[in-house]
Amino acid sequence: MEFFILSIEHEKQKILIFARDENRNKCIIEYFQPFYVYVIPKGEYFEEVKRKIEELNINKEVSVERKKWIGREYRVLKVTISLDDYETLKSLCDRLKEEGKIIGKKEADITITKKFSLDNNVYPMRWYEMEVEFKGKMGNANLYKLKRVIREVEKPYEIKAISIDIEILAGGRKMPDPSRDPIDIIGIFDGKDYYILYWGAEGNGGIKVRNEYELLKKFDEIVKKIDPDVIVGYNSHNFDLNYIYERSKVLNFNFSFGWDGKGIVLSKKKEEDRRFKIFGIQHVDLFVFISNILAGQLKSEVLSLDNVAKEILGIGKEEVTLETFRDAVDLKEYSKVISYNKRDVEITYMLYKHFEQLLIELSKITGQTLYETSLSTYGVLVESYLIKRSREFNEIIPNRPKEEEARERLRKSYIGALVLEPEPGLYKNIAVFDFRSLYPSIIMAYNISPDTIRCEHEDCKKEQITIETSDGKVPIWFCKKEKGFIPTILNQIFEERVKIKKKLKELDKNSEEYRIMDARQYALKILLNSTYGYLGFAVSRWYCLDCAAAVTAYGRTFIKKVIDLLRDKGYKVIYGDTDSVFVLLRSKEDIKILDEINNILPKPLELELENFYISGIFVERRGEVKGAKKKYALLSEDGSIKLRGFEAVRRDWSEIAKVVQENVLRLALEGNRTGIIEYLRKIINDIRSKKLSLNMFIIREQLRKKLEKYEVEAPHVVAAKKYKQRGYKITEGFIVEYVVCKGSGKVSERIKIPEECTNNEYDPEYYIEKQVLQPIDGILKVLGITKEQIISGHKDILSFFK
DNA sequence: AACTGTGGCATTTTGT
DNA sequence: ACAAAATGCCACAGTT
């Protein structure tokens, strides 16, 4: 029979595969998974260790295998025991380790479900033909016993997904608290029909029920009726599912959706960061996935559903204020809130559909469930992938570091990328060249891997590079005779991606195949680009700080080499960062020097033209003559502007500061000096005469730790305390908003949170001085515009306002 | 990891 | 002699 696997769970050593057959019937396939660990004895103690394990008074099977441990081959003992007897084996191994007789005990921390996948080459989100034996029913699922996996089958599976979103109207007045405030609305959307359940008021467009208990009951029924594979929410781990879970406890209601008939299960109990799982159904929290994997590519500063939907789907923002909620409660009329909820479930569903293929491809590649992928960070993705591939290389999977070891690793650091110091000024005709995927290329080109580092071959030692870590400077080399685990894998990913990209060019952009292939190449790109970071990541199993340090060291030599080549040819290089160089051309024709440079560079490194710019501006660091790094603006031929590092792209500056800086930068790049002077005169006037809305003056900062942990009375900390006083729940990650108002003393003593500000209350002087003139100071300096020119007749623009 | 920049705070320097 | 201004350092947020 053929099955599409959704997830693989276990009860002790009993594997439960949650799958669907060709008719979408729920199927649970059972299998008994042996538990085993690998013990690596030190050569001379091999027989002793083997004997001691064999003498243990437990059921066991000990076999001798040849396995690789970080590239080196060993005779190892594969010890298969019952999971219940693990402690006995562990204490023996701990003792042997202390006596120095074994290198270690490995793969004990690989979950039993993972072991099942590795041993049988069976992973979620794929179809398999299996030989099974029907055993009867388990709930409403067919129960089978797995006899044998015949083969993987390539065919599509159409995922049935629903999105959910809840409303707690008490939140219109205070933070919703599940011990007190009921759920008023639960919305569900399956891509076709909306089920907006509500109670306690009138309303159009929803399904009215008698009370909250009935609401949960109806929700349960609908989910069972739709029988989805995926339930999607936006911030649903920390809000929607958490809330539904808590309310069901308060009301003593037991859900029966989920294949085990238990509904929502709390799988990680860390306060403030709980994780909810549903057996057989993949719970996908898009907010978590977007924050972990996609945030870097998005322009949105705050990853609210509205912002993200606007950027990704181009759906406009709907203004819903707290007033809407308050009115709904006061008038007992929910129509507006119902349509708001309807829109939210729809957007959530559409966003999910937009990312579904990427989630699927990432899951397939890494061997994880959709649920696991949606919670993964880059490190988890890379590691899952390496684990999945390890068997092909006969590599034993290294242990995850213990807390102490991880802390130790965190203390170590190494020299990173090279950043050139730019000379402040306004430049014309700038070409930006960069290396395409520099770090992955270096790993491949130099065979950088934990298993190739410091090999014993004298030949390999000849090509060394010096790395500098917190332990000091040391020369380092990588094996040239045998390809390492990580470079081999990277190479394969790289080649696979090239192949897909080639294929994409032939496909119709609107075809299903294009969509799948494009998601696949993007998933591969994510893995390719995350591997360097993974090597230096403290909790990695294949951690290798010296490898990471070698990657950056090679990176620095390459970028230096390019700069030297360009300078030798008489070009002026004005800036460079990690993998890019900014060079002044005499004309656009000069771009052809790229070919000459690429002829000299070793393969597969390749310098490319990132773009050509008409003009660009670099400024000084505040209070210094040195040019500021990672801070510049470029004007391209199509009129678009690229801003890096400037206050205009930062979240912790007011809108007025950002708008003014961006406008001034544009005028500067266009060479319009008089425009700047006129614009500034006008804007200063507007600020003073309070023509602008308060929104322009709100400063936002995030709390990066718990409020109590702050040592200083910084403005955002003071503001956060004000929020707290007003009954807001202040958590880590809370975005604090404040406005600087008139008054005396420190800034922190005269801030107000927006809801305290009446009558467009803000301090014009503060904003003109600190938010408008400060950020453009460097730009004006480059252009040689003095403050007197802005306010003619006055020596100093600041004294004008005093 | 590298880098920029703000505000708070304690101390030193400077102006009157 | 005193206060204001400058300075240096730290904590912190954020971008690349």
Side-chain angles (χ1 to χ4, degrees), chain A residues 295-303 409-422 424 432 434 438-439 467-470 529 532-538 545 548-553 555-556 559 575-580 582 610 618-624 626-634 642-654 657-658 661 699-707 709-720 732-738 740 744-751 766-767 769-771 773-778 798 802:
Chain A
Q297 333 291 318
L298 300 179
K299 284 192 215 110
S300 310
E301 294 167 355
V302 180
L303 299 175
R409 290 178 178 182
L410 271 176
R411 271 202 288 278
K412 292 191 180 173
S413 62
Y414 59 94
I415 306 279
L418 177 79
V419 186
L420 242 51
E421 185 186 297
V432 176
D434 64 7
L438 177 65
Y439 287 175
I467 57 163
E468 196 177 346
T469 68
S470 39
N529 291 336
Y532 151 71
Y534 175 82
L535 289 170
F537 183 42
L545 193 85
V551 174
T552 57
R556 292 191 300 273
I559 206 73
Y575 183 60
D577 182 354
T578 314
D579 57 359
S580 65
F582 293 48
E610 188 268 334
F618 288 83
V619 297
E620 285 176 4
R621 270 179 70 174
R622 172 142 299 287
E624 287 176 75
K626 289 197 279 184
K629 296 174 173 180
K630 297 184 189 281
K631 195 172 178 184
Y632 53 86
L634 298 166
K642 189 179 211 168
L643 288 183
R644 288 290 122 97
F646 273 111
E647 285 80 350
V649 298
R650 293 175 61 100
R651 163 164 92 185
D652 54 349
W653 286 83
S654 64
K658 300 201 268 186
Q661 192 185 51
I699 297 169
R700 292 182 184 84
E701 271 170 277
Q702 192 179 39
L703 291 185
R704 302 293 295 260
K705 51 187 178 186
K706 287 192 182 137
L707 188 51
K709 294 230 170 178
Y710 281 90
E711 294 175 32
V712 291
E713 290 281 296
H716 72 292
V717 177
V718 176
E732 241 174 285
F734 185 84
I735 307 260
V736 179
E737 297 190 338
Y738 63 87
V740 180
S744 61
K746 287 179 263 191
V747 173
S748 59
E749 284 165 1
R750 50 201 181 91
I751 57 119
Y766 173 83
Y767 282 94
E769 199 178 315
K770 297 287 187 179
Q771 297 273 317
L773 296 177
Q774 197 100 278
I776 59 166
D777 193 57
L798 300 181
K802 280 176 185 160

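Not measured: the values here are computed from a predicted model. The figures here come from the full heavy-atom set of this structure, side chains too, leaving out hydrogens, waters and symmetry mates.
Here A:Ser748 lies in heavy-atom contact (under 4.0 Å) with sugar-phosphate atoms only. As judged by a 4.0 angstrom heavy-atom cut-off over every strand, A:Tyr766 is placed among residues touching the sugar-phosphate backbone only.
The distance from atom CD of A:Gln702 to atom C1' of C:dC12 is 12 Å, rounded to the nearest whole Å. C:dT15 atom P lies 12 Å from atom CD of A:Glu647, rounded to whole Å. Following rounding to the nearest Å, A:Lys629 (NZ) and C:dG14 (C1') show an atom-to-atom distance of 18 Å.
Considering only residues two or more places apart in sequence or on other chains, A:Ala549 meets the side-chain contact (heavy atoms from CB on, under 4.5 Å) condition with A:Tyr414, A:Ile467, A:Thr469. Residues passing the side-chain hydrogen bond (donor to acceptor under 3.5 Å, both in side chains) test with A:Lys770: none are found, sequence neighbours excluded. Every residue two or more places apart in sequence or in another chain that forms a side-chain hydrogen bond (donor to acceptor under 3.5 Å, both in side chains) with A:Tyr534 is listed here: A:Glu383. For A:Tyr738, the ring pair (Phe, Tyr, Trp, His ring centres under 6.0 Å) criterion is met by no residue, not counting sequence neighbours. Among residues two or more places apart in sequence or in another chain, the ring pair (Phe, Tyr, Trp, His ring centres under 6.0 Å) test is passed with A:Tyr532 by A:Tyr439.
The side chain of A:Arg644 places an N or O atom within less than 4.0 Å of a non-bridging phosphate oxygen (OP1 or OP2) of C:dT16.
Using a 4.0 Å cutoff to heavy atoms of chain A, the contacted part of DNA chain B runs 5' to 3' from B:dA1 to B:dC9.
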